[in-house]
Amino acid sequence: MALSLQEQLLKAGLADKKKAKQVRQQKQQQARAQKNHNIVQTDQAKIDAEQKIQLKKENDLILNQQAKQQADKKAEVAQIRQLIEMNKQSKGKGDVPCSFTDGIVIKRIYVSQRVQKHISQGQLAIVKLEQGYELVPSPVADKIAQRDPSVVVYRADNVVQEQQSSSENDEWYADYVIPDDLNW
């Protein structure tokens with residue numbers, strides 16, 4: 001049978017019997033005191049391990065939230081792409097230029113006369129799909145704008161509202177007539 005560590009140390013001469021007896025008595029006294037007085041002995045290693053477990057749980061929670069946000073963003077992009085693909089309208093033959101701004105850049109797509117009329121009346125909106133631009137009905141553009149407003153590039157009803165608010169602020173231009181057939 002294998003010898004205990006204490007017996008091995010005694011046999012090797014690294015510890016003496018008197019010291020071994022003292023250690024044994026101290027352990028027994030601590031055990032009795034714990035048993036009789038319900039003394040809880042704190043173990044630093046146990047506390048450190050619990051803290052590490054708690055930190056790991058918090059980190060896992062943060063990582064799970066980030067993964068969920070990324071998954072939600074991917075789902076949102078897929079929904080927008082699906083809305084555009086299912087509801088995109090034909091641009092027609094493409095003989096009339098329709099200019100709009102995408103951020104600070106002026107872009108131009110060529111559409112038919114009928115489609116340009118629908119765009120200017122606010123029935124169609126221009127949305128960005130990956131690298132190109134598509135036309136969708138205004139109610140679909142509303143749904144897309146709820147998910148990501150940056151995808152809806154041009155809506156005639158938004159432009160009209162912006163012009164009305166700016167014209168209220170700039171009443172001193174009222175004496176000058178601006179032609180409404182201006183095409184840029």
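By convention here, the first residue in the shown sequence is residue 1.
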Applied to residues 113-134, the ring-ring contact (aromatic ring centres under 6.0 Å, His included) test, sequence neighbours excluded, yields F100-Y133
Given K56, which of N59, D60, I53 fulfils the side-chain contact (heavy atoms from CB on, under 4.5 Å) condition? D60
Stepwise, does the salt bridge (Lys or Arg N to Asp or Glu O under 4.0 Å) test hold for D48 with K52? CA-CA 6 Å; D48 290 343; K52 285 182 182 180; over 6 Å; no
State plainly whether the residues K128 and D148 are in salt-bridge range, i.e. N to O under 4.0 Å. no
SB check K68 D72 (cutoff 4.0 Å): yes
Given the rule that I, L, V, M, F, W and Y join up when any side-chain heavy atoms are under 4.5 Å apart, are L129 and V151 in one cluster? yes
Nearest heavy-atom pair of C98 and I119: which atoms, and what distance? SG-CD1, 4.0 Å
Test item: L63 and Q66 side chains (from C-beta on) under 4.5 Å apart, heavy atoms: yes
Could you note down all residue pairs passing ring-ring contact (aromatic ring centres under 6.0 Å, His included) where residues 55-81 supplies at least one of them, sequence neighbours left out? none
Return the minimal non-hydrogen interatomic distance between Q113 and D95, and the atom names on each side. N-OD1, 4.2 Å
Could you tell me whether the side chain of I84 reaches within less than 4.5 Å of the side chain of R81, counting heavy atoms only? no
Roughly how far, to the nearest 0.5 Å, is the CG atom of L83 from the CG atom of D142? 11.5 Å
Taking side chain as C-beta onward, heavy atoms only, is L124 less than 4.5 Å from V136? no
Do the side chain of D16 and the main chain of K19 share a donor and acceptor less than 3.5 angstrom apart? yes
Atom OG1 in T101, atom NZ in K107: separation rounded to 0.5 Å? 11.0 Å
For P97 and Q116, which heavy atoms make the closest approach, and how far apart are they? O-NE2, 3.9 Å
Validation row: K73, Q70 side chains within 4.5 angstrom (heavy atoms): no
